[in-house]
Amino acid sequence: MENWSAATIRDFRQTLLAWYDAEGRDLPWRHGRNPYHTWISEVMLQQTQVNTVIPYYEKFLATFPTVVDLAAADEPTLLKVWQGLGYYSRARNLQRAAQQLMTDYHGKWPRTAAELEDLVGIGPYTASAIASIAFDQVVPAVDGNAFRVFARLLMIDADIAKPKTRQLFTQIIQPIVDPKRPGAFNQAIMDLGSSYMTAKNPDPEHSPVKAFDASYRAGRVLDFPVKTKKPRPKPMAYYGLVIHSPAGYLLAQRGANEMLTGYWSFPLILKETLRNDESTAPATVAEDITEIERRWVAEFQLPLTLTPVGGRIVSHTYTHQRWQVTLLMADLPTALPLDFFPGKWVSAAEIADLPLPKVQEKMMQQFASQRDSRAFEKN
DNA sequence: TAGCCGTGGTA
DNA sequence: TTACCAAGGCT
């Protein structure tokens, strides 16, 4: 790999920041220097693209203008504001950290990356980003952009998928960060990583730091960064139960020990939990329906007559799981009391007021297209 | 350490 | 459709 001299480092800083001052993006969280604003934006931007974040950022700050408001937020409002942004533990952690700030720090922000890391949801990257942008601490913010940009500039061949590699990059970048403008430096690297030095279709030929790009000189831009790939999502077969009564549809809230915690969906049943013997022939849908009906009477005192909805199976892919949901429906003449079932009846018009994950929206769309295209309309 | 945790965009 | 990527953190 390359090793820059002090003169090259000075040159690089000057070139990078001149470009950033002229061409850097005008983003909502770059107005002013409010650590709360920086924090919210950085957490939203974790594994999420800028264009996706912008509307969520605006709505979040309008709903929770200060740390005090966030600390006191009610959970349904919080989850609803975050709906669709994904990685929902981020929202819960934001509130916990806001409460930490109020109780443990008396509402006063810690100003160093090391201290910021004590707040839940703030890891090494986010801590460094906040410390450099809001408090001028001279530390590199090592995110995917920094990995990619410096792996190419210096031809660093360490595997960025390995957690340990972060230390190496931090040590290499630390002396390059501009001590006068650390926040601008880190954000300039991110702008570089999302323009000329992208993962897929980079344009190193026209990059403002082309002269510093060793991988470009070597004609090996796409060889960096080195990153081992992750395993494919595991297929998971579910039944989704669309149970209707005069009181509305039956919705269940996701529990604390499962993904999508706190969000609402039609009851989901993992197909493989219906039979304890998988050595014999695979069950038919009719057999599974019989078993589900039997269990719902035994466990919830809810007599059902389920029928397949028809149409396509609802498919939804997460980072590590691929769900295939077969919809089954039941229409009950009366709204049975839910004394044993952890959920509630919700009228069609009010479902949209609940925090819903994407897979629930897909299930509603599929059901409506097969049964009643106006089923879940608001009015 | 490696697996878990969402969604939207792109080739 | 599939695969991979995008300003990571937690356990």
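Side chains included, hydrogens not; waters and symmetry mates left out as well; all remaining heavy atoms used. Please read these numbers as outputs of a predicted model, since none were measured by experiment. Per chain, numbering begins at 1; letters A, B, ... match sequence-line order.
B:dG8 atom P lies 4 Å from atom NZ of A:K358, rounded to whole Å. Atom C1' of nucleotide C:dC10 and atom CZ of A:R92 are separated by 14 Å, given to the nearest angstrom. If you take CG of A:N51 and P of B:dG9, they are 9 Å apart, rounded to a whole angstrom. The CE-C1' distance, from A:M44 to B:dT7, rounds to 14 Å in whole Å. With rounding to whole Å, A:R96 atom CZ is found 15 Å from C:dG9 atom P. In this structure, the CD1 atom of A:I54 is 14 Å from the C1' atom of B:dG8, given to the nearest Å. In this structure, A:Y20 places its OH atom 12 Å from C1' of C:dA7, rounding to the nearest Å. The distance between atom NZ of A:K227 and atom P of C:dG8, rounded to the nearest whole Å, is 9 Å.
Residue contacts shown for A:I189 are absent, as no nucleic acid heavy atom lies under 4.0 Å away. Contact annotation for A:K200: base contact, defined as any heavy-atom pair under 4.0 Å involving a base atom. No engagement by A:A129 is indicated, since no non-hydrogen atom pair under 4.0 Å with the nucleic acid exists. Among the protein residues, A:T126 comes within range of the sugar-phosphate backbone only, with heavy atoms under 4.0 Å from sugar or phosphate atoms but none that close to a base. Contact annotation for A:Q187: no contact, since no heavy-atom pair falls under 4.0 Å across all strands. Looking at heavy-atom distances under 4.0 Å, A:V53 makes no contact with the nucleic acid at all. Across all strands shown, A:W29 has heavy atoms under 4.0 Å from base atoms, whether or not it also approaches the sugar-phosphate. Here A:M190 lies in heavy-atom contact (under 4.0 Å) with a base. Using a 4.0 Å heavy-atom cutoff across all strands shown, A:R30 reaches at least one base atom of the nucleic acid. Within the nucleic acid shown, A:L85 comes within 4.0 Å of at least one base atom, counting heavy atoms only.
In this structure, A:H316 does not reach the B:dG6 phosphate: none of its side-chain N or O atoms is under 4.0 Å from OP1 or OP2. The shortest distance between the side-chain N/O atoms of A:R166 and the OP1/OP2 oxygens of C:dG8 is not below 4.0 Å. OP1 or OP2 of C:dT2 lies within a sub-4.0 Å distance of a side-chain N or O belonging to A:R322. OP1 or OP2 of C:dC4 has not a single side-chain nitrogen or oxygen of A:R232 nearer than 4.0 Å. A:H320 has a side-chain polar atom (N or O) that falls below the 4.0 Å cut-off from OP1 or OP2 of B:dC5. Side-chain N/O atoms of A:Q46 include none lying less than 4.0 angstrom from OP1 or OP2 on C:dG8.
Donor-acceptor pairing under 3.5 Å, judged by distance alone, is absent between the side chain of A:T52 and the base of B:dG9. One can find a donor-acceptor pair under 3.5 Å joining the base of C:dA7 and the side-chain atoms of A:R25.
Between A:P163 and A:Q49, the residue anchored nearer the 5' end of DNA chain B, judged by the nucleotide with its closest heavy atom, is A:P163. Residue-to-nucleotide proximity on DNA chain B shows that, of A:Y88 and A:K164, the 5′-proximal contact is made by A:K164. Mapping A:A127 and A:P233 onto DNA chain C via the closest heavy atom, the residue that lands nearer the 5' end is A:P233.
Listed here is the closest heavy atom pair of A:N145 and A:S194: OD1-N, 3.9 Å.
B:dG8 and C:dC10 are spaced 24 Å apart, taking the C1' atom of each and rounding to whole Å. On the P atoms, B:dC5 is 23 Å away from C:dA6, given to the nearest whole Å. B:dG6 and C:dC4: their C1' atoms are spaced 15 Å apart (whole Å). Taking the P atom of each, C:dG9 and B:dT1 are spaced 15 Å apart, rounded to whole Å. Using P as the reference atom, B:dA11 and C:dA7 are 16 Å apart when rounded to the nearest Å.
Salt-bridge formation is detected for the pair A:R181/A:D21: a Lys NZ or Arg NE/NH1/NH2 atom is positioned less than 4.0 Å from an Asp or Glu carboxylate oxygen. Salt bridge status for A:D136 with A:R33: present, with a side-chain N to carboxylate O gap under 4.0 Å.
In terms of modelled atom types and a separation under 3.5 Å, the side chain of A:D69 and the main chain of A:T66 share a donor-acceptor contact.
Residues meeting the salt bridge (Lys or Arg N to Asp or Glu O under 4.0 Å) test with A:K80, sequence neighbours left out: none. Judged as a salt bridge (Lys or Arg N to Asp or Glu O under 4.0 Å), and not counting sequence neighbours, the contacts of A:R217 are A:E2.
Relative to the ring axis of A:W264, A:K344 places its NZ or CZ within 45° and under 6.0 Å from the centre.
The listed nucleotides are C:dC10, B:dG6, B:dT7; the one nearest the side chain of A:V120 is C:dC10.
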